[in-house]
2 protein chains.
Amino acid sequence: MNGDYTRRMTESGAVEREQGNGRDPDAVSAFVEGFAAQLVEAGMQRMAARVFAALLASDAGALSSAELGEQLQVSPAAVSGAVRYLSQVHMVSREREPGSRRERYRVHSDQWYEALTNRDAILKRWGQTLRVGVDSLGAETPGGQRIAETLAFFEYLEGELTKLMERWREERARIFGESS
Amino acid sequence: MNGDYTRRMTESGAVEREQGNGRDPDAVSAFVEGFAAQLVEAGMQRMAARVFAALLASDAGALSSAELGEQLQVSPAAVSGAVRYLSQVHMVSREREPGSRRERYRVHSDQWYEALTNRDAILKRWGQTLRVGVDSLGAETPGGQRIAETLAFFEYLEGELTKLMERWREERARIFGESS
DNA sequence: CCTTAACTTCACAAATTTCTGAAGTCAGCG
DNA sequence: CGCTGACTTCAGAAATTTGTGAAGTTAAGG
């Protein structure tokens, strides 16, 4: 049922550490799948969610396409699609590895919260639609007023979220230091 | 292709007003479908989004199942499912009409923003998952730290959103008055 | 330049979601 | 108490979304 993209076990049959340290692959996988499931529930595409969770849990905060494919047991095509989506929404950035034509995908640890609230673009589009709605219905009609109120809320939200994220950046620096 | 649940045009062939005032059904429909499409893009189920948008644009802020079915040209079953979902997430409330066994579904105009941020429950569940992740990976590992930071962000967000909504309620009262 | 590793794109099969028609259920009314 | 109107539930058809294999592309390395 799945195309067997490289095995998870070593030839000795023992479950082996993935990178340098003593990570338990099963526990990691459990977390990855669990968190991904919640992202899916919140509306993210399944494969994108799994890739993102895997990156978040990875040691280096970055993995290559091949590593992702192996860990998640999916085809290169699936990884490619997921990564395309994730970089479009700025949740992941791609970087060329120095030598080889291998690419790595990275969660910038901070950059991705921004994405979460960087619904800016989205909020703007919603604003557009709602404004048209108010016009269509007429600003004096009950429906028009209801939509105008929704619009006002979104505009408020947009401003407040910006401020909130600024405060978070400070808070974050205070707690975790300036590290990337 | 669709089961023809009551017509949108009158027998005379003219497009007619829907309720008491001069709403243009086509314009309303255009707004409803446009806004619904954006909600869908943001992850909401299609039918739920359409029903919600229709209610938002409606004159009374409330419609019966039959009215929704007619306006959206869908079966009673579809309306039923959408409304079930919407009330589960507190975006719409159901009310019994005085006399008849007919029910109406209402957007409370304010209540629904709450739902938007009433990701409270959701944020709590995410927190759970992330905490488990930190434990699984080990708080000292890079992955564990990355997840711990994400967790901290969500906890911050939860608190701030609560405050934000309180401020909005004041703002709203200031601009629009206390009306429901 | 030719080879080859490392993605990407695309057509299609599989899985999932969404909506419908039909068969309930439940209360109000006569 | 049975009828009827107004939902609700459910099985299955239709549409949509996902993920795969296979066939490109592109650029590093010989």
Side-chain angles (χ1 to χ4, degrees), chain A residues 1-6 32-33 36-37 39-55 62-89 92-106, chain B residues 1-6 32-33 36-37 39-55 62-89 92-106:
Chain A
M1 176 154 280
N2 75 34
D4 178 26
Y5 307 95
T6 337
V32 167
E33 296 305 329
L39 292 171
V40 168
E41 209 176 342
M44 199 186 302
Q45 311 167 351
R46 177 191 314 289
M47 190 56 68
R50 298 218 295 151
V51 166
F52 180 73
L55 287 173
L63 293 170
S64 69
S65 173
E67 289 167 327
L68 284 166
E70 179 183 358
Q71 194 180 325
L72 303 175
Q73 293 289 298
V74 295
S75 72
V79 174
S80 176
V83 159
R84 172 156 32 105
Y85 170 78
L86 287 170
S87 43
Q88 272 172 0
V89 301
V92 156
S93 64
R94 17 189 11 145
E95 28 184 80
R96 211 55 178 211
E97 264 190 355
S100 204
R101 51 249 152 248
R102 176 178 279 132
E103 221 162 8
R104 341 203 72 210
Y105 309 110
R106 172 176 303 278
Chain B
M1 175 156 278
N2 75 33
D4 179 26
Y5 305 96
T6 338
V32 167
E33 296 305 329
L39 292 171
V40 168
E41 210 176 339
M44 200 187 300
Q45 311 167 351
R46 176 188 316 286
M47 190 56 69
R50 300 218 293 152
V51 165
F52 181 73
L55 287 173
L63 294 170
S64 69
S65 173
E67 288 166 328
L68 284 166
E70 178 182 0
Q71 193 179 325
L72 303 176
Q73 293 289 297
V74 295
S75 72
V79 174
S80 175
V83 159
R84 172 156 33 103
Y85 170 78
L86 288 170
S87 42
Q88 272 172 0
V89 300
V92 156
S93 64
R94 17 191 11 147
E95 29 185 79
R96 212 52 178 212
E97 265 190 354
S100 205
R101 52 252 153 244
R102 175 179 278 135
E103 220 160 9
R104 340 204 73 210
Y105 308 110
R106 171 176 302 278

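Lettering of chains follows the sequences in order, A, B, ..., and the numbering in each one begins at 1. In what follows, every heavy atom counts, from backbone to side chain, and hydrogens, waters and symmetry copies are set aside. Worth saying up front: this structure is predicted, and the values here are computed from it rather than measured.
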May I have the distance from A/Tyr105 (atom OH) to C/dA6 (atom P), rounded to whole angstrom?
-> 12 Å
D/dT8 P sits how many Å from B/Met47 CE, rounded?
-> 15 Å
Of the listed C/dC7, D/dC7, C/dT20, the closest approach to the B/Glu103 side chain comes from D/dC7
Kindly say whether B/Leu68 contributes a backbone atom to a donor-acceptor pair with the side chain of B/Gln71 at under 3.5 angstrom?
-> no
State which residue, out of B/Leu39, B/Val83, B/Val89, fulfils the side-chain contact (heavy atoms from CB on, under 4.5 Å) condition with B/Phe52.
-> B/Leu39
Let me know, please, whether A/Val83 or A/Arg46 comes out on the 5' side of the other along DNA chain C by nearest nucleotide.
-> A/Val83
Kindly indicate whether the side chain of B/Arg94, heavy atoms from C-beta on, has any atom under 4.5 Å from the side chain of B/Arg106.
-> no
Considering only side-chain heavy atoms of A/Pro76, which listed nucleotide, D/dC7, C/dT20, C/dT8, is closest?
-> C/dT8
Rounded to the nearest 0.5 Å, how far does OH of A/Tyr105 lie from CG of A/Leu86?
-> 11.0 Å
Roughly, in whole Å, what's the span from OH in A/Tyr85 to C1' in D/dT18?
-> 14 Å
Considering all heavy atoms, the nearest A/Ala36-A/Ala49 contact | O-CB, 3.6 Å
Examine C/dA6: is either OP1 or OP2 under 4.0 Å from a nitrogen or oxygen in the side chain of A/Arg94? Give yes or no.
-> no
Contact class for A/Arg50 (heavy atom, under 4.0 Å): base, sugar-phosphate, or nothing?
-> nothing
Have a look at B/Ser65 and say if it touches a base, only the backbone sugar-phosphate, or nothing, with a 4.0 Å heavy-atom cut-off.
-> sugar-phosphate
Counting side-chain heavy atoms from C-beta on, which of C/dT8, D/dT20, D/dT9 comes nearest to A/Ser75?
-> D/dT20
Expected output: side-chain B/Arg50 to main-chain B/Leu72 donor-acceptor under 3.5 Å | yes
Counting side-chain heavy atoms from C-beta on, which of D/dC7, C/dT20, D/dT9 comes nearest to B/Arg84?
-> D/dT9
Between C/dC7 (C1') and A/Leu68 (CG): distance, integer Å = 13 Å
Residue pair A/Tyr85 / A/Met47, side-chain heavy-atom distance below 4.5 Å | no
A/Met44 or A/Ala77: which one's nearest nucleotide on DNA chain D is closer to the 5' end?
-> A/Met44
Output one line per pair: protein atom, nucleotide atom from nucleotides 24-29 of chain D, and distance, for all N/O pairs under 3.5 Å.
none

To the nearest Å, give me how far apart CZ (B/Arg104) and P (D/dG5) are.
-> 19 Å
Interatomic distance where CZ belongs to B/Arg102 and C1' belongs to D/dT4 [whole Å] = 14 Å
